[in-house]
Protein chains: 2
Amino acid sequence: MDEGEFVENFNRAIAGSETIVFSSLCSINYSGRAESRLEEGDRIIIIKSDKTLLVHQPTGSNPINYMKEGSQHALEQNNGFLVLKSRNPGAKEYLDICIKQIHFLRALSLSDSKKLQLAGSERDMADMLYNSPELVEPGFKPLSREEHTKYGFIDLFGYDKNSCLVVVECKRYAGDMKAVSQLARYVKRIKRARGLTRVRGILACPRISPAAAHMLADHGFKFIRVNPPKYLERDSLMQKNLDEWNK
Amino acid sequence: MDEGEFVENFNRAIAGSETIVFSSLCSINYSGRAESRLEEGDRIIIIKSDKTLLVHQPTGSNPINYMKEGSQHALEQNNGFLVLKSRNPGAKEYLDICIKQIHFLRALSLSDSKKLQLAGSERDMADMLYNSPELVEPGFKPLSREEHTKYGFIDLFGYDKNSCLVVVECKRYAGDMKAVSQLARYVKRIKRARGLTRVRGILACPRISPAAAHMLADHGFKFIRVNPPKYLERDSLMQKNLDEWNK
DNA sequence: GGGGAGAGATGCCGC
DNA sequence: GCGGCATTTCTCCCC
């Protein structure tokens, strides 16, 4: 692709707030929250309509460099090279892409207002336990879920069969020491806030690492095995297919 | 773009392990670690040479859907629609993209072996404090950094001027309650492992949130204000430019 | 806007 | 492979 044509198409797309996709041989410098340099290689670069910039290498899920929403992007000539300068003055972030060779460019006007519907989050787990308290333990009486108070953001809160306060922390993944630390922090806060000497802690997750189990026992807390509920509305068009897959 | 042409180019690119970029109007279902549905909209889809798949909406930095490295991708006809079926049997993950309209497709053979050089990480902070212990406090004597032992992964470890053990936890961002929890966990472990009643804790970060400062004081720990060192090699070609930016 | 916490987190390193 | 932990984390939610 001709460089003049590239510049022209790029500038027209930026002016029109279109989404730009291009690929080029380039080297990249970043300065902002940290500093980085990436030597020459072939990458795919996307500038979205909200001015987010992403640089992707040919492997891996994460962008190797990026600039956040609301950045400014301009092509400049610098020492005989075409340089894409991206700036975010508010965040004091600066990215320079030195373009050595252009593979292609495409500008698009994309229309998409849809949001992702997701099932199987930690919140869904807390909801499930709130609605089916016997999954926590016999006699468990839920008080609240997702409590965002000054005491903390506790997933599930209730009384056990002996009317002792219980803090339940849900994790959709394997429980680790970080999760136990978090539970311990909540229990401590509740004890202090309510002037109680005994508050129980329960960690609810699909499984728990040995070190975390040890630490949990150390605090006198309990592990219960719970899997996050993973189903969208039953009448979803694809449900039959999903059921097939999950066999 | 013609659908037959799209299918042909897609299949040729997959067979040749090329990187594919295309845009289309589509709806998406995912089932795996969770379940999700995304209604019809215009998106950009990338399949990398390692078979990572990314779906991007016209705004935001994160992909709205994705499949990890090593997935399998195939186009199929389904109820009169073209469906891109991505499968990762090992991870039991399944993604279906129902393609309603094709905006463009591009297949590329990209060559990129370069890795990002980064300065300003938490590890760089620990290195700096190890090499300049007076930044921690007068008389601080570093013992080790990034100690990966059974006691935990402690950023920086040493003695203070009174020969009392000190655990230093570095954070490149504002210290929060999670960071204090982490430090408390390390101090507790070191106390137990060495049979000590007094081990000091220091949190080193650019700033600290009020709640975290309160919690830190509660534990008898100390906050020191440290910024992560942000400079690559001084002889970097772009250094002059970076210096310009940072003025 | 800042703080607190989740994420289909991902990526890195060490055992 | 799992475990522990950082991330230019990003994103959401609530104050």
Side-chain angles (χ1 to χ4, degrees), chain A residues 30-36 52 55 59-69 88 90-95 115-116 118-126 146-150 152-155 169-179 181-182 185-186 207-212 215 228 230, chain B residues 30-36 52 60-69 88 91-95 115-116 118-126 146-155 169-179 181-182 185-186 207-212 215 228 230:
Chain A
Y30 163 78
S31 177
R33 281 174 288 179
E35 299 208 344
S36 74
T52 300
V55 180
T59 62
S61 0
N62 279 353
I64 190 72
N65 278 118
Y66 58 92
M67 292 287 279
K68 279 179 298 191
E69 181 183 5
N88 196 318
K92 290 182 184 170
E93 294 191 293
Y94 312 90
L95 186 88
K115 288 196 192 313
L116 193 75
L118 185 82
S121 68
E122 187 175 302
R123 185 185 178 121
D124 291 330
M125 276 181 80
E146 287 277 327
E147 180 148 288
H148 287 239
T149 70
K150 59 185 171 183
F153 305 178
I154 291 164
D155 287 340
E169 173 62 30
C170 300
K171 290 294 167 205
R172 61 184 314 290
Y173 52 85
D176 54 16
M177 290 197 293
K178 207 170 51 176
S181 281
Q182 192 179 355
R185 183 147 46 88
Y186 294 158
R207 61 196 182 85
I208 186 167
S209 75
M215 188 176 160
K230 296 190 303 184
Chain B
Y30 162 78
S31 176
R33 281 175 288 180
E35 300 206 345
S36 75
T52 300
S61 2
N62 279 351
I64 190 72
N65 278 117
Y66 57 92
M67 291 288 278
K68 279 180 297 192
E69 181 184 5
N88 195 317
K92 290 182 183 170
E93 294 191 292
Y94 312 90
L95 186 89
K115 288 196 193 311
L116 193 75
L118 185 82
S121 68
E122 185 175 304
R123 183 181 181 123
D124 292 330
M125 276 181 79
E146 286 277 326
E147 179 147 291
H148 288 237
T149 70
K150 59 183 170 182
Y151 311 136
F153 306 180
I154 291 165
D155 287 338
E169 173 63 29
C170 300
K171 290 294 168 206
R172 62 183 313 287
Y173 53 85
D176 53 17
M177 291 197 293
K178 207 169 51 176
S181 281
Q182 193 180 353
R185 182 148 47 88
Y186 295 158
R207 61 196 183 87
I208 186 168
S209 75
M215 188 175 160
K230 296 191 302 184

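Below, chains carry the letters A, B, ... as their sequence lines are ordered, and counting in each starts from 1.
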Q: Checking all strands, does B/Leu116 fall into the base, sugar-phosphate, or nothing category for heavy-atom contacts under 4.0 angstrom?
A: base

Q: Mapping B/Gly120 and A/Glu69 onto DNA chain D by nearest heavy atom, which one lands closer to the 5' end?
A: B/Gly120

Q: Tell me which nucleotide among D/dT9, C/dG8, C/dG6 gets nearest to the side chain of A/Arg33.
A: D/dT9

Q: Who is the Watson-Crick or G-U wobble partner of C/dG8, with both distances under 3.5 Å?
A: none

Q: Verify, without hydrogens or angle tests, whether B/Asp155 (side chain) and B/Cys170 (backbone) share a donor-acceptor contact under 3.5 angstrom.
A: yes

Q: Using a heavy-atom cut-off of under 4.0 Å over every strand shown, decide if A/Ala174 touches base, sugar-phosphate, or nothing.
A: nothing

Q: Would you please confirm or rule out a distance under 4.0 Å between OP1 or OP2 of C/dG11 and any side-chain N or O of A/Ser61?
A: yes

Q: Can you figure out which of D/dC10, C/dG8, C/dG3 approaches the side chain of B/Pro210 most closely?
A: C/dG3

Q: Ignoring hydrogens and angles, answer whether the base of D/dT8 and the side-chain atoms of A/Asn65 contain a donor-acceptor pair closer than 3.5 Å.
A: yes

Q: If the cut-off is 4.0 Å, is B/Gln182 near the phosphate of D/dG4, judged by side-chain N/O to OP1 or OP2?
A: no

Q: Nearest 0.5 Å, what's the OH-CE distance between A/Tyr30 and A/Met67?
A: 7.0 Å

Q: Might you point out which heavy atoms bring A/Arg185 and B/Ser181 nearest each other, and give the distance in Å?
A: NE-OG, 2.6 Å

Q: When you check the phosphate oxygens OP1 and OP2 of D/dC10, does a side-chain N or O of B/Tyr173 lie under 4.0 Å from one of them?
A: no

Q: Quick one: which of D/dT8, C/dT10, C/dG4 gets closest to the side chain of A/Glu93?
A: D/dT8

Q: Just how far is it from atom CG of B/Leu118 to atom CG of B/Asp124, taken to the nearest 0.5 Å?
A: 7.0 Å

Q: Taking only side-chain nitrogens and oxygens of A/Tyr186, does any of them come within less than 4.0 Å of OP1 or OP2 of C/dA5?
A: yes

Q: Just by distance, do the side chain of A/Lys230 and the backbone of B/Ser31 share a donor-acceptor pair under 3.5 Å?
A: no

Q: So which one's nearest nucleotide on DNA chain D is more toward 5', B/Ser121 or A/Ala212?
A: A/Ala212

Q: Look at the side chain of B/Glu35 and the base of C/dG8, then say whether one donor and one acceptor between them are separated by less than 3.5 Å.
A: no

Q: D/dG3, OP1 or OP2 - any side-chain N/O from A/Arg207 closer than 4.0 Å?
A: yes

Q: Please check if the side chain of B/Arg33 supplies one atom and the backbone of A/Gly120 the other of a donor-acceptor pair under 3.5 Å.
A: no

Q: Can you identify which nucleotide, out of C/dG11, C/dG8, D/dT8, has its nearest atom closest to the A/Ser36 side chain?
A: D/dT8

Q: Please tell me which of the listed nucleotides, D/dT8, C/dG6, D/dC5, lies nearest to the side chain of A/Glu122?
A: C/dG6

Q: With nearest nucleotide decided by heavy atoms, which residue, B/Lys68 or A/Lys171, maps closer to the 5′ end of DNA chain C?
A: A/Lys171

Q: Is the aromatic ring of B/Phe153 within stacking range of D/dC5, meaning centres under 5.5 angstrom and planes under 30 degrees?
A: no

Q: Considering only D/dG3, D/dC10, D/dT8, which nucleotide approaches the side chain of A/Tyr30 most closely?
A: D/dT8

Q: Give the nucleotide from the list C/dG8, D/dC5, D/dT8 with an atom nearest to the side chain of B/Leu95.
A: C/dG8

Q: Considering only atom P, compute the distance from C/dA5 to D/dT8 and round it to an integer number of Å.
A: 22 Å

Q: What is the distance, to the nearest angstrom, from the CG atom on A/Asp176 to the C1' atom on C/dA9?
A: 13 Å

Q: Between C/dG6, C/dG11, D/dT9, which nucleotide has the shortest distance from any of its atoms to the side chain of A/Tyr66?
A: D/dT9

Q: Quick one: is D/dT9 close enough that its OP1 or OP2 comes under 4.0 Å of any side-chain N or O from B/Arg172?
A: yes

Q: I want to check one thing: is the phosphate of D/dC5, taken as OP1 and OP2, less than 4.0 Å away from some side-chain N or O of B/Arg123?
A: no

Q: What is the distance, to the nearest angstrom, from the CE atom on B/Met177 to the P atom on C/dG4?
A: 5 Å

Q: Rounding to an integer number of Å, can you tell me how far A/Lys115 NZ sits from C/dG8 C1'?
A: 18 Å

